[in-house]
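Comments concern the structure below.
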Amino acid sequence: MSDTDLSILNELFDVILDRKNNPVESSYVCSLLDHRKGIDKILEKVGEESIETILAVKGNKKEEIIYESSDLLFHLLVMFVAEGITLDEIAEELRKRRK
Ligand SMILES: N=c1c2ncn([C@@H]3O[C@H](COP(=O)(O)OP(=O)(O)OP(=O)(O)O)[C@@H](O)[C@H]3O)c2ncn1[C@@H]1O[C@H](COP(=O)(O)O)[C@@H](O)[C@H]1O
């Protein structure tokens, strides 16, 4: 079984959480978390990146699939932080489903 190092997801999550708690000017993450549209802006990005990922898969272009999936994962992490959801809670849910 592969044992991929996914610690970058934890690191990125911590950076996003830090942006929420200690806002920085010119931060893309802060521009999403503080957007006048509220959570709707983040949801727009999640939707956009989902569609771009689907199109990349349909286009059968591995590099684009990796690029767009990374955009999608990043925006999902921003959504978790905005909603007060931790990666531990996601991991816990996935573990519960293990057969
Ligand atoms: N991993 C990412 C990351 N992935 C994607 N993006 C941004 O997500 C956006 C993707 O949206 P699009 O492809 O639609 O590009 P766009 O043209 O800017 O789209 P619009 O927002 O204008 O609609 C781009 O602006 C990217 O720069 C990211 N921005 C930041 N990070 C990480 O978050 C950290 C904190 O970032 P700041 O908050 O900006 O300091 C950084 O150090 C990075 O590690």
Side-chain angles (χ1 to χ4, degrees):
M1 192 176 70
S2 73
D3 193 12
T4 309
D5 179 6
L6 292 175
S7 56
I8 182 63
L9 292 180
N10 277 309
E11 287 168 28
L12 197 47
F13 185 90
D14 287 345
V15 171
I16 295 167
L17 193 58
D18 185 58
R19 289 285 190 271
K20 184 181 181 185
N21 296 328
N22 306 292
V24 171
E25 222 173 303
S26 83
S27 153
Y28 176 69
V29 171
C30 291
S31 76
L32 289 178
L33 292 171
D34 300 337
H35 202 276
R36 63 180 170 79
K37 289 187 184 172
I39 191 68
D40 285 0
K41 180 62 189 177
I42 296 170
L43 297 179
E44 266 175 31
K45 295 304 292 181
V46 169
E48 247 177 69
E49 304 304 348
S50 300
I51 290 165
E52 284 168 10
T53 301
I54 291 167
L55 292 176
V57 172
K58 294 299 281 183
N60 207 17
K61 292 183 185 139
K62 187 175 176 181
E63 271 182 28
E64 270 181 39
I65 296 170
I66 293 169
Y67 187 90
E68 298 301 348
S69 300
S70 298
D71 269 350
L72 177 56
L73 277 171
F74 166 71
H75 286 91
L76 277 175
L77 293 180
V78 176
M79 186 189 77
F80 294 153
V81 168
E83 291 295 294
I85 291 166
T86 65
L87 284 184
D88 280 342
E89 287 171 304
I90 300 292
E92 174 69 18
E93 176 61 31
L94 290 172
R95 275 191 205 100
K96 275 197 283 189
R97 298 177 187 184
R98 257 194 318 219
K99 290 177 184 164

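Order of listing sets the numbers, starting from 1, for every ligand and every atom in it.
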- If every non-hydrogen atom of Thr86 is compared with every non-hydrogen atom of Phe13, which pair is closest and at what distance? CA-CZ, 3.8 Å

- Glu92/Lys96 salt bridge by N-O under 4.0 Å criterion: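 Salt bridge between Lys96 and Glu92, a charged N being under 4.0 Å from a carboxylate O: no.
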
- Passes side chain to side chain donor-acceptor pair (under 3.5 Å), Asp5 versus Ser7? Steps please. CA-CA 6 Å; Asp5 179 6; Ser7 56; 2.7 Å; yes

- Task: Write out the protein residues near ligand 1, meaning a non-hydrogen atom under 4.0 Å from one of its atoms, in order of chain and number.
- Result: Leu12, Val15, Arg19, Ser27, Tyr28, Val29, Lys45, Glu48, Glu49, Asp71, Phe74, His75

- Item | Full working for ring pair (Phe, Tyr, Trp, His ring centres under 6.0 Å) between Phe80 and His75 | CA-CA 9 Å; Phe80 294 153; His75 286 91; over 10 Å; no

- Should Asp40 and Leu43 count as side-chain neighbours, where that means a heavy-atom distance under 4.5 Å?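 Answer yes - side chains close enough.
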
- Query: Do any pairs count as a salt bridge (charged side-chain N to carboxylate O under 4.0 Å, His left out) and have a residue in residues 11-30, sequence neighbours left out, and if so which ones?
  - Reply: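 Every pair satisfying salt bridge (charged side-chain N to carboxylate O under 4.0 Å, His left out) with a residue in residues 11-30: there are none.
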
